[in-house]
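Below: the structure, in structure tokens.
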Amino acid sequence: MKSIVVGLGIQGCKRRRIAGDDAVATVDPVNSDADYHSIEQVPLGAYDAALVCTPDGAKLALLEYLLSHGKHVLVEKPLFAGSRDKLEHLRKLAETNGAVCYTAYNHRFEPNLAHLKRVLDEGRIGRPYLVRMFYGNGTAADVRRSPWRDQGLGVIPDLGSHLLDLVDFLFGRPERPFEVWTSNCLENSAFDHAVIGSAGSMETPVFQLEMMLLSWRNSFYCEVFAEGGSAHVECLCKWGPSTLTIRERILPSGKPTEQRFTVERPDPTWAVEYEHFQQLCQTGGTNIGTDIWIDSVLAGFHQQLGGTRKWAA
């Protein structure tokens with residue numbers, strides 16, 4: 001499969017490295033190392049797929065062009081449109097032209113999160129009651145220096161979109177809406193710390209998702225407290241080591257039995273995700289339904305906070 005990389009920044013360079021010999025050209029309007037400066041300059045017969053790694057505002061027009069010409073697309077998260085109709089239009093274009101439109105959420109391929117998914121699907125710890133996630137890094141200054149990142153809802157769509165995608169991946173979409181429980185601009189113009197949450201129901205657990213750009217040691221955890229026990233993922237492979245601890249509840253009370261799984265290796269998620277994308281290009285498929293849900297959650301946050309949808313095209 002011949003691929004082009006659109007947007008030759010940090011993410012684009014990673015995607016080009018993972019694609020290896022598949023990557024036949026690069027596109028970037030300002031990077032002098034790119035082969036082309038606009039997508040229209042690339043001969044349509046030269047490639048089958050595009051890896052789109054651009055700022056948010058450029059994505060919709062690029063995807064419309066690529067999907068209209070039957071090109072498969074992997075686009076960096078988040079894919080926001082400010083309108084369900086715009087995302088449905090992209091889904092229709094993909095279906096009509098036999099193209100894949102896949103938004104990259106690489107943490108679904110994190111080994112211990114994939115393991116946690118199996119534990120939950122098998123019912124090993126019973127019905128979940130409470131889910132807590134935290135995702136933090138120390139990129140506040142980098143975001144502040146960016147010409148386009150320190151705006152709108154800030155860290156909420158940036159890191160929060162990963163957490164919302166993991167909610168969808170691990171548990172399905174909750175019945176109750178998400179709300180912003182707290183949001184702070186501690187160093188940046190846009191939010192650099194926030195907690196969002198969703199009240200529980202008989203069918204879905206309580207969700208508490210925290211994100212920040214002021215965690216000086218990059219950190220991630222996911223904790224699930226359930227009827228029959230609990231499960232705890234600490235750290236991602238890229239910051240390693242990553243551990244998954246499964247605890248079996250002792251009734252009526254007592255010290256639980258415990259299993260621990262440790263993964264210590266370089267981040268495998270980008271390569272595994274690219275293989276997943278290649279397979280989709282053979283079989284067809286899209287995850288735009290997840291984009292529509294996350295977009296609607298963020299629309300609720302904008303309404304709650306009175307913000308402007310600066311990520312919309």
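What you are looking at is a predicted structure, and each value in this text was computed from that prediction instead of being measured.
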Below 4.5 Å, heavy atoms only, C-beta onward: do Ile39 and Gln41 meet side chain to side chain? no
Does any N or O in the side chain of Asn106 come within less than 3.5 Å of the main-chain N or O of Glu273, such that one atom is a donor and the other an acceptor? no
What's the shortest heavy-atom distance between Val155 and Asp192, and which atoms? CG1-C, 3.8 Å
Please step through side-chain contact (heavy atoms from CB on, under 4.5 Å) for the pair Val119 and Lys117, ending with a clear verdict. CA-CA 5 Å; Val119 168; Lys117 169 71 169 170; over 6 Å; no
Got a donor-acceptor contact below 3.5 angstrom from the Asp267 side chain to the Cys237 backbone? no
Could you name each residue pair satisfying salt bridge (charged side-chain N to carboxylate O under 4.0 Å, His left out) that touches residues 89-104, not counting sequence neighbours? Glu88-Arg91
Any side-chain heavy atom of Met133 sitting closer than 4.5 Å to one from Gln208? no
Salt bridge (charged side-chain N to carboxylate O under 4.0 Å, His left out) contacts in which one or both residues fall within residues 137-146, not counting sequence neighbours: Asp142-Arg145, Arg144-Glu187
Linking I/L/V/M/F/W/Y whenever any side-chain heavy atoms sit under 4.5 Å apart, do Val52 and Phe277 land together? no
Hydrophobic cluster membership, with links at side-chain heavy-atom distances under 4.5 Å among I/L/V/M/F/W/Y: are Trp239 and Leu244 in one? yes
Would you call Val206 and Val131 a side-chain contact if the rule is heavy atoms closer than 4.5 Å? no
Indicate yes or no for a side-chain donor-acceptor contact from Asn97 to the backbone of Ala99 under 3.5 Å, with no hydrogens or angles considered. no
Walk me through whether Phe225 and His232 qualify under ring pair (Phe, Tyr, Trp, His ring centres under 6.0 Å). CA-CA 9 Å; Phe225 297 89; His232 311 260; 5.5 Å; yes
Hphob cluster co-occupancy, Phe220 + Phe171, side-chain heavy atoms under 4.5 angstrom: yes
Applying side-chain contact (heavy atoms from CB on, under 4.5 Å), run through Leu79 and Leu63 and close with a yes or a no. CA-CA 10 Å; Leu79 179 58; Leu63 266 59; 4.0 Å; yes
Between Asp22 and Ser3, is a side-chain hydrogen bond (donor to acceptor under 3.5 Å, both in side chains) present by the stated rule, with each step listed? CA-CA 6 Å; Asp22 288 352; Ser3 300; 5.2 Å; no
Could you walk me through whether Leu51 and Val6 satisfy the side-chain contact (heavy atoms from CB on, under 4.5 Å) test, starting with their C-alpha distance in whole Å, then the side-chain angles of each, then the deciding distance to 0.1 Å, before giving a yes or no? CA-CA 6 Å; Leu51 313 178; Val6 186; over 6 Å; no
Can you name the closest pair of heavy atoms from Asp35 and Ala25 and give their distance? OD2-CA, 3.3 Å
Taking His72 for the side chain and Val100 for the main chain, is one N or O donor matched with an acceptor at less than 3.5 Å? yes
So, does Asp28 use its side chain to make a donor-acceptor pair with the main chain of Leu8 at under 3.5 Å? yes
Search all heavy atoms of Ala231 against all heavy atoms of Leu116 and return the closest pair with its distance. CB-CD1, 3.6 Å
Carefully, step by step, assess Glu76 and Arg15 under the rule salt bridge (Lys or Arg N to Asp or Glu O under 4.0 Å). CA-CA 10 Å; Glu76 292 296 338; Arg15 291 291 176 195; 2.5 Å; yes
So, Ser215 and Asn137: side-chain donor and acceptor under 3.5 Å apart, yes or no? no
The complete set of ring-ring contact (aromatic ring centres under 6.0 Å, His included) pairs with one or both residues in residues 3-40, sequence neighbours excluded, reads none
If you count the non-hydrogen atoms of other residues, nucleotides and ligands that lie under 6.0 Å from CD in Glu122, is the total more than 12? yes
Got a sec, which pairs hit salt bridge (charged side-chain N to carboxylate O under 4.0 Å, His left out) with one end in residues 156-169, sequence neighbours left out? Lys77-Asp158, Arg108-Asp165, Arg108-Asp168, Arg149-Asp158, Asp168-Arg173
Could you go through Arg127 and Glu227, starting from their C-alpha distance and side-chain angles, then the distance that decides it, and tell me whether this counts as salt bridge (Lys or Arg N to Asp or Glu O under 4.0 Å)? CA-CA 5 Å; Arg127 182 167 71 88; Glu227 180 182 21; 5.1 Å; no
Tell me, yes or no, whether the heavy-atom count around Gln279 atom CD, taken from other residues, nucleotides or ligands under 6.0 Å, exceeds 12. no
Value for CG (Leu66) from CG (Leu44), rounded to nearest 0.5 Å, stands at 9.0 Å
So do the side chains of Met211 and Ile196 get within less than 4.5 Å of each other, counting heavy atoms only? yes
Are more than 12 heavy atoms, taken from residues, nucleotides or ligands other than Asp121, located less than 6.0 Å from that residue's CG atom? yes
How are the rings of Phe207 and Phe178 set to each other: parallel, tilted or perpendicular (split at 30° and 60°)? tilted
Any sub-3.5 Å donor-acceptor pair from Ser242's side-chain atoms to Cys235's backbone N or O? yes
Would you mind reporting whether Gln259 and Arg124 have side-chain heavy atoms less than 4.5 Å apart? yes
Between Arg16 and Gln11, is there a side-chain donor-acceptor contact under 3.5 Å, judged purely by atom types and distance? no
Sequence neighbours excluded, every pair satisfying salt bridge (charged side-chain N to carboxylate O under 4.0 Å, His left out) that has a member inside residues 208-223: Arg132-Glu223
Can you pull out every ring-ring contact (aromatic ring centres under 6.0 Å, His included) where at least one residue sits in residues 91-112? Sequence neighbours excluded, please. Tyr102-His276, Tyr105-His162, His107-Tyr135, His107-His162, Phe109-His276
Closest approach of Pro78 and Asp56, non-hydrogen atoms and distance? O-OD1, 3.8 Å
Does atom CD1 of Ile10 have more than 12 heavy-atom neighbours from other groups under 6.0 Å away? no
How many angstroms lie between CD in Glu275 and CG in Leu280, if you round to the nearest 0.5 Å? 12.5 Å
Co-membership, hydrophobic cluster, residues Val73 and Ile292, 4.5 Å side-chain: yes
Taken to the nearest 0.5 Å, the spacing of Asp48 CG from Gln278 CD works out to 11.0 Å
Okay, side chain of Thr26, backbone of Val5: is any donor-acceptor separation there less than 3.5 Å? no
Which distance, rounded to the nearest 0.5 Å, do you find between the CZ of Phe191 and the OG of Ser183? 4.0 Å
Identify the heavy atoms of Lys71 and Tyr47 that sit nearest to each other, and give their distance. NZ-O, 2.7 Å
Rounded to the nearest 0.5 Å, what separation is found between the CG atom of Asn188 and the CG atom of Leu186? 9.0 Å
If every non-hydrogen atom of Ile294 is compared with every non-hydrogen atom of Ser161, which pair is closest and at what distance? CD1-O, 3.9 Å
How long is the straight-line distance from OG1 of Thr103 back to CD1 of Ile288, given to the nearest 0.5 Å? 6.5 Å
Using modelled atom types and a 3.5 Å cut-off, is there a donor and acceptor pairing between side-chain atoms of Glu203 and backbone atoms of Pro174? no
Can a donor-acceptor pair be found between the side chains of Ser83 and Asp85 at a distance below 3.5 Å? no
Do we see a donor-acceptor contact under 3.5 Å between the side chains of Arg176 and Ser201? no
Between Ile156 and Phe80, is there shared hydrophobic-cluster membership here, with clusters defined by ILVMFWY side-chain heavy atoms closer than 4.5 Å? yes
